[in-house]
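Report on one structure; see the data block that follows.
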Amino acid sequence: MSDAAAPTADDTPRHRYDARLATEIEAKWQDRWEERRTFWAPNPSGPLSEGFAAFAERDKLFVLDMFPYPSGAGLHVGHPLGYIGTDVYARFKRMTGYNVLHAMGYDAFGLPAEQYAVQTGQHPRVTTEANIANMRRQLRALGLGHDPRRSIATTDVAYYRWTQWIFLQIFNAFYDADADRARPIDELIPLLEADPEVGWSELTELERRELVDGYRLAYLDEAQVNWCPALGTVLANEEVTADGRSERGNHPVYRRPLKQWMLRITAYAERLLADLDALDWSDSIKLMQRNWIGRSEGAEVDFPVAGHEDAVITVFTTRPDTLFGATYMVLAPEHPLLDVIVPNEWPDAMIGEELNDVPADWRGIFGTDVGPPEAIRRYREFAAQKSELERQAEGRVKTGVFTGAFATNPVNGAPVPVFVADYVLMGYGTGAIMAVPAHDQRDFEFAQEFSLPIRCVVQPSDTWLSERGVGAGTPAGEWPEAFTGDGVGVHSTNDGVSLDGLHVEAAKQAINGWLEAEGLGLPTVTYKLRDWLFSRQRYWGEPFPIVYDEHDLPVALPDAMLPVELPEITDFEPEIVADDVESVPAPPLARAERWVMVELDLGDGPKTYGRELNTMPQWAGSCWYYLRYLDPTNETAFVSPSAERYWMAGARDAADGAANDRPPGIPAGSERDHVGGVDLYVGGVEHAVLHLLYARFWHKVLFDLGHVSTSEPFQRLFNQGYIQAHAYTDARGAYVEASDVVERDGRYFLGDQPVDREYRKMGKSLRNVVTPDEMYREYGADTLRLYEMSTGPLDASRPWSTRDIVGVHRFLQRLWRNLVDEGTGLARLTTEPADDETRRLLHRTIAGVRGDMADLGFNTAIAKLITLNNRLTQVVADRGAAPDDVATALVLMVAPLAPHVAEELWERMGHATSLAHDAFPVADPAWLAVETVEVPVQENGKVRHRVTVPSDADADTTEAVARADPAIAAMLAGRTVRKVVVVPARLVNFVVG
RNA sequence: GCCCGGAUGGCGGAAUGGCAGACGCGGCGGACUCAAAAUCCGCUGCCCGAAAGGGUGUGAGGGUUCAAAUCCCUCUCCGGGCACCA
């Protein structure tokens, strides 16, 4: 067989657009884009400013993807959905003249690399770098138009040096509540000196330092923490699931006191809440953040403790209007006042008229033969050792112990017993409540458990009572549940105030006024949000730039001593440690013996200091990466002010105020409320709370301290959906390889064996993973991109269906064949313009695609492009060549979606330069106009006929044309037309009797 | 339990008060071919009908409107968030 005969094995034309050719084209253009620096986005000044002159008069756009973790498993086809979406959008905007910054980095610290290191002894850096390299390869093959100069990893020393620097900014700041912003800690000293209550001049140097440390936004606190022995670390509240287990690994989590770094995010609660209003985020995400911050308005009220002159129990309540119904109080088990108020012996109690002795079951569940101090001690121990899961399992039966102490209800002087119970949490409000069992379900349950009086002070409606099967006038103690709705106050009068007859809101106003006047309480706002626990007992994280001196107080390292590099060690395992609450954390860094102690001169001569042995949580690096993209090579600042201001500016107040040649398709004013920040941030909804709240907090601190120019980091947030997939289990319930399963008659089989189908996320353990690499091989990256964008709107989750990909592949093939001779590989165009109908379709398509792309409506944009291409197929069939005008516009419009094949076609059509910049077609209004339209004619809302009218016909003309139509005239003959509704160019509706 | 979001052909979806089902997959038919693949063309919600045409139809029920997938109320199911937060 001769060489010349070689291609006969299959007679595929040599230049057909198939997977082989696609792969060739894609590699070629990926190399070219890199060589030609196509996606370098110039800064206005500095080392990355080459080529800025071309953009000086243009607008900028900062498009951002959520920071990925470089997993060892590599990408599956679900991962890049958002990355493709942002790339299409970024390419579209670039083609309309924007200076678009789009970059990708890696959130590379974290547990998987460290756990792999523990198993294999492989240093986490080695694993991490290999994973990043693999992910870079996979993403490059997708043809994403990222600026490669701006790619960073959180594990780069040059990056985490600045993470440490930002930590020091937070450490060296305090929150000025009057100014409502953070200020440098140096500015605190004069305030303390001026405050007579502080007595600054009498304090020792050490006392002063401790006092100042207590104001810092990063502070050490011996607090109750979520200790997870299995992971060997503590976790933030946000990392613990509702059933008391670690979000990562599902291990039990215990609460125990431990000295840890905390970040004072609570100081920002109000601003984090209020500033949501100006953001272009979905309502559901805003709501999740609002719920997490959990603002509630109420009052703090002081209850004096009987027999203790100085002791006052301050409670927080959202229902001060029910004060007269408070029949007992509860302190959280960790409440410090317990050490003060608990008597040695059980009192002979008098509580109003209802009770005259201390019932045995008030004395605790560990025996009634002990006095209050021991009963309380045992209960506190019981509460501390119980994991959240155990609390859950107990069905939330209320437990608690009487403290033996009584407080006095300030509104009526009534003695109320004080309990300790774990349904009151130390971390919320004041850690103490007044219990109003008639009007709070939890208090109601507790009161029933402990036979406490239940006193109605807000009258429920008769309807409410009868719905619960109790008659009007039934005492509250016999209700099936607490009444928490609105009603009028009863039994709520003292010498100074009466709430009787007032509805809840009015009653709150009245009682708040009285409390304030009497000095007994103040209206208060409380938040669920807690300070952010910022220490982790891990190796693979950012070391703190903190050392401890001889007083064991923290000392910040000066900027010049950054970075504090991770020491090399060989054993990465956290010290384990029994899987229980008693085990003590031992950070791996403690094993770096030569690193732990360090001799430094921090201003008062060389001294020995001990290093902080914890590392920062993984969230730290992702709190500010978007800022580093702006100026990744800067060695003197985390970002230069000029780059930061340029890229983060709001669209409307761009620095130079130059005329923004806003392209059509984007309504003027749509970005009017743009307060600045990343122009488009795309990522999964799973980061709705943690990452987005933490990053907003850091950004606000940096804003307050003058390091960034916007108060919010992410102006517009878009949550992409997920790609899900079917998974199959065999008779034993084991997952089988999804790609081997076949469908027959609506059932599913692996060979002859029937299997069950589930619809799940894509994942290795479910054996239903499809990788982009497979798709590149079968169809090419352009087809994969187009497929993922075509299957639905970007925010919708959708099933993966390999079978369906062929549709968009055929579209590209047809497009190619319309423009290129499959035999010669040469473009086949004619300069003769297309027929009018085709040109009208072309311009309608341009207008539509522009609008769709601007709205991230890529699925409908693709549908319009397919329609146009199908039309072009006819034209080419008629003429033997594609009209130049249609071909040119079509290729340019396809370019953001399928950039490689578009560039290749563009080149074969005779263009020497890339189409990536400033070339998106603009619709000619002359071709958008149509002369006539067909409008439906309805009879009582049902379409019966259609008539053709001039597109600018008014209502009367349209109706006249309709009536003149013989079929319609017949329809109306002999009937009474009661009403005619005409919407010009839309429809005619005859309402007949 | 509370709060949010969703439900449209066999499948992914389109239409946000004005012709339901764009576009794609799948299916059916035709052209080309010795044949098959590929390609091109046509049809394709359901029911009745040879067709013309008619009826019906957007999770269920009710309402507003000349007109409802779209707005309102009630319910069912699915997905997500929170969960002793005073």
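As the structure is a computational prediction, the values presented were derived from the model and not from experiment.
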Paired to B:A20 by Watson-Crick or G-U wobble criteria (both distances under 3.5 Å) is none
Rounded to whole Å, the OH-P distance (A:Y527 to B:C82) equals 21 Å
If we ignore angles and hydrogens, is there a donor and acceptor under 3.5 Å between the side chains of A:Y379 and A:T399?
-> yes
Using a heavy-atom cut-off of under 4.0 Å over every strand shown, decide if A:V424 touches base, sugar-phosphate, or nothing.
-> base
Starting at the 5' end of nucleotides 23-31 of chain B, put B wherever the base has a protein heavy atom under 4.0 Å, S where only the sugar-phosphate does, and a dash everywhere else.
-> SSSS-----
Who does B:U58 pair with, Watson-Crick or G-U, both distances under 3.5 Å?
-> none
By nearest nucleotide on RNA chain B, pick out whichever of A:R798 and A:M426 is the more 5' one.
-> A:R798
Check the distance between B:C82's C1' and A:N291's CG and give it to me in whole angstrom.
-> 7 Å
Would you indicate, yes or no, if B:G80 has its OP1 or OP2 atom less than 4.0 angstrom from a side-chain nitrogen or oxygen of A:S284?
-> no
For atom CG of A:D321 and atom P of B:A86, their distance in whole Å | 14 Å
If you look at every strand shown and take non-hydrogen atoms under 4.0 Å, does A:E934 touch a base, only sugar-phosphate, or nothing?
-> base
Short side-chain N/O contact to B:C84 OP1/OP2 from A:Q441, under 4.0 Å = no
Scan A:V983 against the nucleic acid and name what it touches under 4.0 Å (heavy atoms): base, sugar-phosphate only, or nothing.
-> base
Select base, sugar-phosphate, or nothing to describe what A:E445 touches, counting heavy atoms under 4.0 Å on all strands.
-> nothing
Just checking A:I433: base, sugar-phosphate only, or nothing, at a heavy-atom cut-off of under 4.0 Å?
-> base
Atom C1', compared across B:C41 and B:A20: separation rounded to whole Å = 26 Å
Using a strict 4.0 Å threshold on nitrogen-to-oxygen distance, state whether A:R290 and A:D277 make a salt bridge.
-> yes
Quiz item: cation-pi between A:K761 and A:Y722, 6.0 Å / 45° = yes
For atom CD of A:Q724 and atom P of B:C78, their distance in whole Å = 16 Å
Touch class at under 4.0 angstrom, heavy-atom based, for A:R944 against every strand present = sugar-phosphate
Evaluate the criterion ring pair (Phe, Tyr, Trp, His ring centres under 6.0 Å) for residue pair A:F446 and A:Y328; output intermediate values, then yes/no.
-> CA-CA 10 Å; A:F446 189 88; A:Y328 67 102; 5.2 Å; yes
Whole angstrom value for the distance that separates P of B:G80 from CD of A:Q289 = 20 Å
As its Watson-Crick or G-U partner within any shown strand, both distances under 3.5 Å, B:G5 has B:C78
Kindly write out the residues that satisfy side chain to side chain donor-acceptor pair (under 3.5 Å) with A:R16, not counting sequence neighbours, or none if the list is empty.
-> A:E822
Contact class for A:T526 (heavy atom, under 4.0 Å): base, sugar-phosphate, or nothing?
-> nothing
Any donor-acceptor pair under 3.5 Å joining the side chain of A:R978 to the base of B:C66?
-> no
Answer with base, sugar-phosphate or nothing: what part of the nucleic acid does A:V981 contact at a heavy-atom distance below 4.0 Å?
-> base
Result of checking A:Y428, A:Y423, A:F419 against A:I433 for side-chain contact (heavy atoms from CB on, under 4.5 Å) | A:Y423
Would you mind reading off the distance between A:F811 atom CZ and B:C40 atom P, rounded to a whole angstrom?
-> 13 Å
Side chains of A:N818 and A:R828: is there a donor and an acceptor less than 3.5 Å apart?
-> no
To the nearest Å, how far apart are A:L323 CG and B:A86 P?
-> 16 Å
Is it true that A:K942 and A:E939 have a side-chain N and a carboxylate O under 4.0 angstrom from each other?
-> no
Which comes earlier along RNA chain B counting from the 5' end, the contact point of A:A796 or that of A:R946, where each point is its nearest nucleotide?
-> A:A796
Expressed in angstrom and rounded to an integer, what is the separation of A:K286 atom NZ from B:C3 atom C1'?
-> 17 Å
Establish, with yes or no, whether the OP1 or OP2 oxygen of B:G18 is under 4.0 angstrom from a side-chain nitrogen or oxygen of A:N989.
-> no
Which value, in whole Å, describes the distance between the P atoms of nucleotides B:U16 and B:A36?
-> 45 Å
